[in-house]
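One structure is given below, encoded as C-alpha cells.
Atoms considered below: every heavy atom in the structure, side chains included; atoms not considered: hydrogens, waters and symmetry mates. Source: prediction; values computed, not measured. Convention: sequence-line order gives letters A, B, ...; per-chain numbering from 1.
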Amino acid sequence: MIDDLGIKDAFASITGQALLQALLVIVIASLITMAIQKVFPRVAEKLGGKPRLYLLASVPLLRLLIILSTIVIVVPILVEPSFENMVAIFGALALALGFAFKDYANSLIAGIVTLYEMPYRPGDWIEVDGQYGEVRAIGTRAAEIVTPDDTVVIIPHNKLWNSLIANSNDGTDNLMCVADFHLEANHDVSRVRDLLRDVAFTSPRTKTWQPVLVIVFNKPWGMHYRLKAYPFDPKEQFQFISELTARGSAELARQGVKFVSVPVAVN
Amino acid sequence: MKDKAKENNDDPCLPGGLVPVDQWVLPQTSVRRSLKDAIRHALEQLHAGVSQAEEPFESMDELPELSAAQKRRLAPEPGYADQAAAIACGLEDARKDGSLSREVAFLVAPPFSGVEQALACFSGPGQSGSIEGGGEEWRIILPPDVLSFDDQEAGEWWDRQDLSRPWVIPELADFWLRCLSGLALVKELFRRIANGDTGAGIVGCSSWCWRYWGQYLENAQMSPWTPAPMDAERLGTWFTRLASGSGSRVLTARMTSDGQYVLPLEKPDDTEKRKYSTFLRDLAALSRGNPGVALAIWQRSLRARPDDDAKLEEADEKPTKQSCAADCWVVPLARLSLPAMPQSKESVTGFVLHGLLLHNGLDMDSLETVTGVSVYELSLVLSRLNRAELVVCDQTSKRWSVTPIGYPTVRRHLQSWGFPLDQF
C-alpha cells in the first residue's frame, strides 16, 4: 500500500546530510520550546492580573507555532518538494487526519442537528452527564454551560447522539424548583402539606400563577416531602430553593415537627 | 348563573358604571404610540449599571405648571361621596335585574380608582339602607392593628365583627400580610362568605390583592365587579365634571404644541370647525383606564398663563354670570416625562414595589416581613424610589405606597421582571 501511494519513492532521496540538518532543526526547535515553557511562567509569576494570564496563554500558542514552523522547515529538507512527492505525503496526512478528526466532524454534524431540533438553547438550564448549568453559548462544535459554581463546562454536540439531556426550562422562563424536607413520622401530614404550600405562596419570588405542589412519600425512615414551585426568574432558582428550605424548616420546627437526621459513625 | 353587565353611563362620577371583571377591556391607543412606548421601554431595559442621574420629572415647555389654586379649580381631587352614591346605585341596579345575586358583592379595582375611599363613605349620612332597603346603616369593618393570627384566632376575631348586619370592607388588602401568620384572617373571611355565613356586605379589593387570592384560593369564584375602564370619552366627561364643580363652567383645554382641542369633547352637532387632539385617547391607554392615574398625569400636563388666575377668580366671584370658559393648555404626552425607574441589577426593587402594590401600601416593618429584605436595605431602596417619584411615604401613618404618577412605570417594569400582575 505504501508503494502504491508513492511514499517509498518520496523518501528515497533522503541523504545522511539531510537527516543531520533535519535533526539539528528539530533539536533547536525543542530547545526553544523548552526555554519558552520554563521562562514565560517565571516571568508571568512576577506580573499580575490580565498580563499574567495573557502571557501564560501564549505558551501553548507559541509551542504550536514552533511545531508548525519546524514541520515547514524539515519536510523540504527530507523530501524533494516535487508534485508527486507532495501528493503522496499529503494523501497520507489526509488519511491520518481523517481518522483523528472523526469525532470533530461528528460534533459538527450534531451541531447542525441541534440548530433545528433545539434540544437546548442559550438561556436553558440543562444537565448532561451530571453537569448542570445555564447554556451560555452554542458553538459549531460544542455548547458552553455555566454551572452554579461559575464553572464553564464545554459539552461537545455529539453528546446529543447517545446521552440523556435534561432541559429544565426548554426555552421558557418556567423552571420548577423543588425543596426537599425529610421529616420523622407521626405528625399531621395534611397540616404539613398546607403549611409548605403557604411557605411557597408567601415567598416574594414565587410565580403564583404557576402550580404549587406538595408531594409526600412514605419512606421507611419517615416522610419525604417535596415542595414544588416556580420562581419568577430562573436565575434565582437557588436563592428560591434556599429560601423555601429555610422558611419551611423554621416553621416546621416551630410547629414541633422533627426532621430526620442521618446517623454519623464515629471512629 | 353567569352575571351580566349592567350599564350605568349616566353618572359622571362613575362613567360607565360597574361591570363584571371579566368584561373589563383595556382602552386602546394607536399602533404607532404602542410601538413607541414598547421601544422606549426596551431601551430603558438596556441601560446597564446604576444610573446616577436620577432626576425627578422636569417640565420641558415654557409655560408654568399650575399653581395650587389653579389645580384646585381646574383639576381637583374627586369627591368620593358622589362616587359612593354611584357605586351604591350601580349595585342596586345589578341586584334588581338579577345580575348580582350574591349577598356579598366584591368590588375589585386597580389602585387609585377611588373605590376604597368611596366605600369608606358608605357609613356616612345619607347612605343608610340604599342597597338593601333595610334601613340599616352600613358598618365599616376596619382591620386589626396586628395582622398575625392563627386559624382559631382569626375565627374568633370575625365572630366579634357581627357580619349579620350590612357591612363594608373598604380595602381587603389591609387585612393580611404575605407571611405565614398573615393569611388566616382573609382565608377565614372567604370561607364564611362562601358558606353563606354572613349577611349583606360589600368588599372592596385592590386588583393586585385580588389576583393573589384568586390564585391562592382557586376554587373561590366570587364573580367580582369593577368600575368600567375610563376611555377617552369618559375621561373627558369626568375631567369636565371635576373642573365644573357645582357650576356650569365649561373647561376649554388645548394642546400647547398645535392648539388642537382636548376639552370640551367633540359633539356630533358641533357647528364650529375645530380640530381635536388624540390626547385623551392616549391618556386613557397610558393610564390603562385608571382614573386616579389619569388624573395625576392630567394635573401634570396642564399649563396656564400667569394671568389666568385673575380670570378664574373673576369667574368665581360672579357665579350667576353665564359660564365663562376657563382656558388652560395641555402639554403633549410625548413631551411629558413620567418618572423613570432607577436602574438596578438587584431584584430587591421589584420585591419592594410588588409588595407595596399587593398590600396597598406598607410601613417599614411590614415591608420587611413581606419581602424578607432588611430594614437597612429597604431604606436605601425606598429613598431611591422616592427621589424618582415612584413611591411616597405618608407622614402620618408612615406607610409607603406607589404614587399614581409612577404607577404606569412601576407596572411595566414589574411585568418585564416577571412579577405576577393584576388583570388591569
Next on the checklist: Counting only non-hydrogen atoms closer than 4.5 Å, does A:E236 touch chain B with its backbone (N, CA, C, O), its side chain (CB onward), both, or neither?
Outcome noted: side chain
Checklist entry - Is it the backbone or the side chain of A:D198 that comes under 4.5 Å from a heavy atom of chain B, or both, or neither? => result both
Checklist entry - Would a distance-only check, ignoring hydrogens and angles, find a side-chain to backbone donor-acceptor pair under 3.5 Å from B:Q152 to B:F149? => result no
Checklist entry - For the side chain of A:T114 and the backbone of A:M118, is there at least one donor-acceptor N/O pair under 3.5 Å apart? => result no
Checklist entry - Between B:L177, B:L358, B:L183, which has the largest tally of heavy atom pairs under 4.5 Å with chain A? => result B:L183
Item to check | Under 4.5 Å from any heavy atom of chain A - which part of B:V370 | outcome: backbone
Item to check | Per-residue contact mode, B:F419 against chain A (heavy atom under 4.5 angstrom) | outcome: both
Item to check | Sub-4.5 Å side-chain heavy-atom contact between B:Y212 and A:F201 | outcome: yes
Checklist entry - Is the gap between the ring centers of B:F190 and B:Y216 under 6.0 Å? => result no
Next on the checklist: What verdict does the ring-ring contact (aromatic ring centres under 6.0 Å, His included) test give for A:W221 and A:H182, after you've listed the backbone C-alpha separation in whole Å, the side-chain angles of each residue and the deciding distance to 0.1 Å?
Outcome noted: CA-CA 9 Å; A:W221 41 260; A:H182 304 92; 5.4 Å; yes
